[in-house]
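Working notes, structure below.
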Amino acid sequence: PFLALALAGGLFSGLICYRLLGRPSSPRTILRRALEAKQFEPFLQPIVDARDGGWIGAEVLMRWHLPGEGLIRPDLFIPMAERTGLILPMTRDLMQQVASVLAPHAAELPPRCHIGFNISAAHCHDPQLLGDCRDFLAAFPPGTVELWLELTERELIEPTEDTDLLFQQLDAIGVKVAIDDFGIGHASLNYLQRFTVNALKIDQSFVKRIGADTLSAHLLDTLVELAIRLDIDLVAEGVETAAQRDYLRALNVRYLQGYLFGRPMPIREFLPALHQHRNAVRNTIDHQS
Ligand code: C2E
Ligand code: MG
Ligand code: MG
Ligand code: MG
């Protein structure tokens, strides 16, 4: 908790690091050591089809398993990883871990299993990203997975000719792009013009306000209309209640994600949870017939 607070408050001073590690270390050194010690782990959260609740894939969320401190949430260390540039090797390691666990079980995954990684602004200038995506896809039998990259607007991405080219190349190898936390950032509409966007992830704050006021309802309607006009998919995040699910389903939002369907879980628990979900669905159908 002490380190968590220090990270959150941006008080990551030499003194704090000294107290924690017994020697003065920079944030970069701490994160680099954690990476070498394999302390960053992938957690997976199911993404479901709004129509029937069937799992269509998952979003990969990074966790820092820090001995003695437990699991540290990404909000507390991703900004530091971004500032130090370590987010690039950390994401690469995450992609490799996910591929090595899931690829041997590709046949058990949902068809064209959607696997989404969060990427940072620095990735848009990373010459290795395209190769990392190729490697990820090559680990699976052809056509079994769909790789999604989720771009947030937390940091502004400067579109250049290089980024345009990168996104064309990603598109050419079948990588899909989603705009994360859509609706709360400052560059949303600009992104839509610049990148080939395949999906929008509606920010949780819109889902939270369902039923609360009519302005929010109008905003949601407008987001849905925008997606239809642009012919792109919609994913709603942070779905916690059946009422929210029903509302979004009635609006024709195609995919849903949230605690109602499943919390982020350690990757080793993902396949068992998927099988359990399928069995539960099968039992329901058996009972109905
Ligand atoms: P995000 O990409 O928007 O991810 C969704 C966040 O919402 C996750 O938080 C998830 O655990 C949480 N969430 C999912 N369903 C619900 C729900 O029903 N209710 C509520 N209240 N929350 C829900 P998490 O895992 O703490 O991640 C926070 C953010 O950290 C992510 O937001 C993403 O921006 C960033 N992040 C996580 N992993 C990575 C990564 O590997 N790389 C980068 N660059 N950023 C990451
Ligand atoms: Mg995301
Ligand atoms: Mg989000
Ligand atoms: Mg978020």
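Both counts, for ligands and for their atoms, begin at 1 and track the order of listing.
The line from CG of L220 to CD1 of I202 is 5.5 Å long, rounded to the nearest 0.5 Å.
Remark: distances from the non-hydrogen atoms of R63 to ligand 1 include one below 4.0 Å. Ligand 1 has at least one atom lying under 4.0 Å from a heavy atom of E59. Every heavy atom of T91 sits 4.0 Å or more from the atoms of ligand 1. Heavy-atom separations between R73 and ligand 1 include at least one value shorter than 4.0 Å.
In summary, the side chains of T160 and D162 do not present any donor paired with an acceptor at a separation below 3.5 Å, with no hydrogens or angles considered. Counting only N and O atoms by type, the side chains of Q96 and D132 include no donor and acceptor under 3.5 Å apart.
Placement of W55 and L147 within a single hydrophobic cluster is found when ILVMFWY residues are connected by side-chain heavy-atom separations under 4.5 Å, directly or transitively.
The nearest non-hydrogen atom to atom 45 (N) of ligand 1, considering only T241, L94, N118, comes from N118. Of the candidates Y259, F40, F77, F43, it is Y259 that places a heavy atom closest to atom 18 (O) of ligand 1. Scanning Q204, M95, Q244 for the heavy atom closest to atom 7 (O) of ligand 1 points to Q204.
Contacts of Q257 with ligand 1, taken as heavy-atom pairs under 4.0 Å, are absent altogether. At a heavy-atom cutoff of 4.0 Å, ligand 1 is contacted by no atom of R263, backbone or side chain. Here L260 has no heavy atoms under 4.0 Å from ligand 1, in either its backbone or its side chain. Under 4.0 angstrom from ligand 1, the non-hydrogen atoms of D180 all belong to its side chain.
Put simply, the side chain of R254 never gets that close to the backbone of D233: no donor and acceptor are under 3.5 Å apart. With hydrogens and angles disregarded, no donor-acceptor distance shorter than 3.5 Å links the side chain of R112 to the backbone of E146. Remark: the backbone N or O of L215 is not paired with any side-chain donor or acceptor of H218 at under 3.5 angstrom. Side chain of N198 to backbone of A178: no donor-acceptor contact under 3.5 angstrom is found. Put simply, the side chain of Q97 gets close to the backbone of F40: a donor and an acceptor are under 3.5 Å apart. A donor-acceptor contact shorter than 3.5 Å is absent between the side chain of S120 and the backbone of H123.
Of all atoms in ligand 1, numbered sequentially from 1 with element shown, those under 4.0 Å from a heavy atom of Q45 are 14 (C), 15 (N). The ligand atoms of ligand 1 that sit less than 4.0 angstrom from a heavy atom of E240 are 17 (C), 18 (O), 19 (N), 20 (C), 21 (N). Taking every heavy atom of P264 and a limit of under 4.0 angstrom, the matching atoms of ligand 1 come to 11 (O). Counting the atoms of ligand 1 from 1 in the order shown, those under 4.0 Å from a heavy atom of E237 are 3 (O), 5 (C). Near P74, meaning under 4.0 Å from one of its heavy atoms, ligand 1 places the atoms 24 (P), 25 (O), 26 (O), 27 (O), 28 (C), 30 (O), 36 (N), 37 (C). The contact set between ligand 1 and S120, taken as ligand atoms under 4.0 Å from a residue heavy atom, comprises 44 (N).
Within the 4.5 Å cutoff, no side-chain heavy atoms of E237 are placed close to those of V207. Taking the side chain as every heavy atom from C-beta outward, L166 and L170 approach each other to under 4.5 Å. Contact check for F182 versus L234: no side-chain heavy atoms found under the 4.5 Å cut-off. Side-chain contact between L223 and L200: absent, with no pair of heavy atoms (C-beta onward) separated by less than 4.5 Å.
For E161, the CD atom sits in a loose shell: 12 or fewer heavy atoms of surrounding residues, nucleotides or ligands are nearer than 6.0 Å.
Here the Mg ion (ligand 2) has protein N, O or S atoms under 2.8 Å from it, and they come to 4.
Residue contacts with ligand 1: T152 is placed with no nitrogen or oxygen under 3.5 Å of a nitrogen or oxygen of the ligand (distance criterion only).
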